[in-house]
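In what follows, a structure is listed as structure tokens, so that the remarks can point back to it.
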Amino acid sequence: MPDPRGHGPLKQAPPPLQVDTARVVLAGAALWALTLVVLLFLGDRVDRAWTWTCVVGIVLALVGLGVMRLQGQLGPRRGPGEE
């Protein structure tokens, strides 16, 4: 199919990536938790806003996992042709 702007044929779009979103969210939550532990060890030397930022990051990750569970996105990914 030619490009509507007259620049030659269009390339086909690449297939979408298969990403385990739950693993990505869990990795992010783990990083927030690690940062929270470091901030708690530092105590009064850091602003409490950073501590609450970490707490909110962890809570949002858990909310995201709950939404993925409700949408049926959690569980093993199946490849093409597997049932």
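Side-chain atoms are counted along with the backbone in the values below, which use heavy atoms only and exclude waters and symmetry mates.
- In this view, Arg23 and Asp20 satisfy the salt bridge (Lys or Arg N to Asp or Glu O under 4.0 Å) rule, not counting sequence neighbours.
- Within the structure, no pair that satisfies the salt bridge (charged side-chain N to carboxylate O under 4.0 Å, His left out) test touches residues 52-66, not counting sequence neighbours.
- Arg48 pairs by the side chain to side chain donor-acceptor pair (under 3.5 Å) definition with Thr51, not counting sequence neighbours.
- For Ala61, the side-chain contact (heavy atoms from CB on, under 4.5 Å) test picks out Val25, Ala29, with sequence neighbours left out.
- Leu62 CG to Ile58 CD1: the interatomic distance, rounded to the nearest 0.5 Å, is 8.0 Å.
- Partners of Thr35 by side chain to side chain donor-acceptor pair (under 3.5 Å), not counting sequence neighbours: none found.
- Alongside Phe41, the hydrophobic cluster contains Val37 (criterion: ILVMFWY side chains under 4.5 Å).
- Applying the 4.5 Å side-chain rule to ILVMFWY residues, one finds Leu60 in the same cluster as Val56.
- Partners of Gln71 under the side chain to side chain donor-acceptor pair (under 3.5 Å) rule, at least two apart in sequence or in another chain, are Gln73.
- To the nearest 0.5 Å, atom CG of residue Leu31 and atom CG of residue Leu26 are 11.0 Å apart.
- At a threshold of 4.5 Å between side-chain heavy atoms, the hydrophobic network of Ile, Leu, Val, Met, Phe, Trp and Tyr places Val59 and Leu36 in one connected group.
- Put simply, Trp32 and Trp52 are part of the same group of oily side chains (I, L, V, M, F, W, Y) that touch within less than 4.5 Å, one to the next.
- Hydrophobic clustering keeps Val24 apart from Leu34 (ILVMFWY residues linked when any side-chain heavy atoms are closer than 4.5 Å, directly or through intermediates).
- Among residues two or more places apart in sequence or in another chain, the side-chain contact (heavy atoms from CB on, under 4.5 Å) test is passed with Val46 by Leu39, Leu42.
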